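Naming convention: chains lettered A, B, ... in sequence-line order (proteins, then strands); numbering from 1 in each chain. Bear in mind the structure is a predicted one, so any value in this text is a computation, not a measurement.
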2 protein chains.
Amino acid sequence: MINKSGIFSKSCSHALKAATFVGKKGLENKAVKLKEIAEEINSPLAFTAKILQKLVKANIIESNRGAKGGFFITKVNLKKVVLKDIVFAIDGEGSYSGCALGFEKCSASKPCALHFQILPIREKLKETLVSTTLKDLARAVDENNTFLKE
Amino acid sequence: MINKSGIFSKSCSHALKAATFVGKKGLENKAVKLKEIAEEINSPLAFTAKILQKLVKANIIESNRGAKGGFFITKVNLKKVVLKDIVFAIDGEGSYSGCALGFEKCSASKPCALHFQILPIREKLKETLVSTTLKDLARAVDENNTFLKE
DNA sequence: TTTAAATCGGACATTCTTATCTTAATTGAT
DNA sequence: ATCAATTAAGATAAGAATGTCCGATTTAAA
């Protein structure tokens, strides 16, 4: 629920922004420090740290501790990771494919009251989350066509 | 989060179900009592009461107190109320039209990193919420084509 | 080997959403 | 008038999401 303002939770929005920024730096094989990420996406430092850890555990990005450490993403992952992976890692399956009225079992054969209205939207969303790679987002941001901050 | 499992908050899901059930009864000009609504949509009584009150204040449904009281909807409103009205009343504008990354100002001229991916989905969702009436939902439920309970 | 720079991990705090409880107000019927 | 049924409204509680703090761990470099 999605949270009060949109499709993803706030955590997930932060995650998408953070991953995109790490991805942008990954385009030139650079690692970035937590502090820089938090500043760049305008998200609280400690909270950003938690989210980044989840992304690391989900094998979306990687990290190095200690001096000269930081977060980074390999070229391979940059191409391979799609938005769905991030949404799953943070918000879980529900927000990716859940029923609009919250039913566990909702299908064409036992459809909730909103099923047929929401179906095409859900399908389109899924398709987008599966087909958009982190690299797509990173490139657009790198080329200044889109933004991670207001 | 929209809440963790979907497009609408849990409150909003309850609201949509409750309104649909009141609408179903409205098809035959009947009022329904809180208790019956809560049972029918499988939602906690007191919480359902709160949500119904919001719908009353938003002029979506009406209520009568005292013996023989209950909640009801007029034929006029049944036809006129669209899903957007309910979503607005409960979750506010954000979940209807908010930016996927939570930015206040996100537009084609200053697009967030997800703007162009999410745009068609948002538009489709808006279109659906504006074009689907409560009567549409109520009728489908009344004809046993869709459900309000698992 | 010490030190400084980082991430990691767990405990804690805060805020928002969801849910309950209790009392008041209203209404119809006796 | 009184009583029972019912919604209205406010206070409070429980839970989940969001956010903070601090100490532990790892690493590179001096």
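- Taking the side chain of B:Gln53 as heavy atoms from C-beta on, and the options C:dA19, D:dG19, D:dA8, the nearest nucleotide is D:dA8.
- Using a 4.0 Å cut-off, some side-chain N or O of A:Lys10 falls inside it from OP1 or OP2 of D:dG19.
- Between B:Ser11 and C:dT18, a side-chain N or O to OP1/OP2 separation shorter than 4.0 Å is present.
- Between the NZ atom of A:Lys35 and the P atom of C:dA6 there is a distance of 9 Å, rounded to whole Å.
- Spacing between atom CG of B:Asp91 and atom C1' of C:dC16 amounts to 13 Å, rounded to whole angstrom units.
- For the pair A:Phe72 CZ and D:dT27 C1', the computed distance is 14 Å after rounding to whole Å.
- Interface residues of residues 56-69 of chain A facing DNA chain D, ordered by number: A:Arg65, A:Gly66, A:Ala67, A:Lys68; criterion, heavy-atom separation under 4.0 Å.
- Rounded to whole Å, atom P of D:dT27 lies 17 Å from atom NZ of A:Lys33.
- Residues A:Thr146 and B:His115 fail the side-chain proximity criterion, which asks for heavy atoms closer than 4.5 Å.
- Looking at B:Asn59 and B:Asp85, their side chains never come closer than 4.5 Å, going by heavy atoms from C-beta outward.
- We find that CG of B:Leu34 is positioned 14 Å from C1' of D:dA9, with the value rounded to whole Å.
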Tabulate below the donor-acceptor pairs under 3.5 Å that side-chain atoms of residues 61-75 of chain B make, not counting sequence neighbours, or state none.
residue : atom : partner : partner atom : Å
B:Thr74 : OG1  : B:Asn77 : N            : 3.1
B:Lys75 : NZ   : B:Leu27 : O            : 2.7

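- With sequence neighbours left out, A:Lys124 forms a side-chain hydrogen bond (donor to acceptor under 3.5 Å, both in side chains) with no residue at all.
- As judged by a 4.0 angstrom heavy-atom cut-off over every strand, B:Lys50 is placed among the base-contacting residues.
- We find that CG of B:Leu45 is positioned 13 Å from P of D:dA8, with the value rounded to whole Å.
- Follow the hydrophobic side-chain contacts under 4.5 Å out from B:Ile51 and you reach B:Val56 in the same cluster.
- Hydrophobic clustering (ILVMFWY, side-chain heavy atoms < 4.5 Å, transitive): B:Phe47 and B:Ile86 are in one cluster.
- In this model, the phosphate group of D:dT18 is not approached by any side-chain N or O of A:His14 to a distance below 4.0 Å at OP1 or OP2.
- For A:Gly70 and B:Phe47, each mapped to the nucleotide of DNA chain C holding its nearest heavy atom, the one lying further toward the 5' end belongs to A:Gly70.
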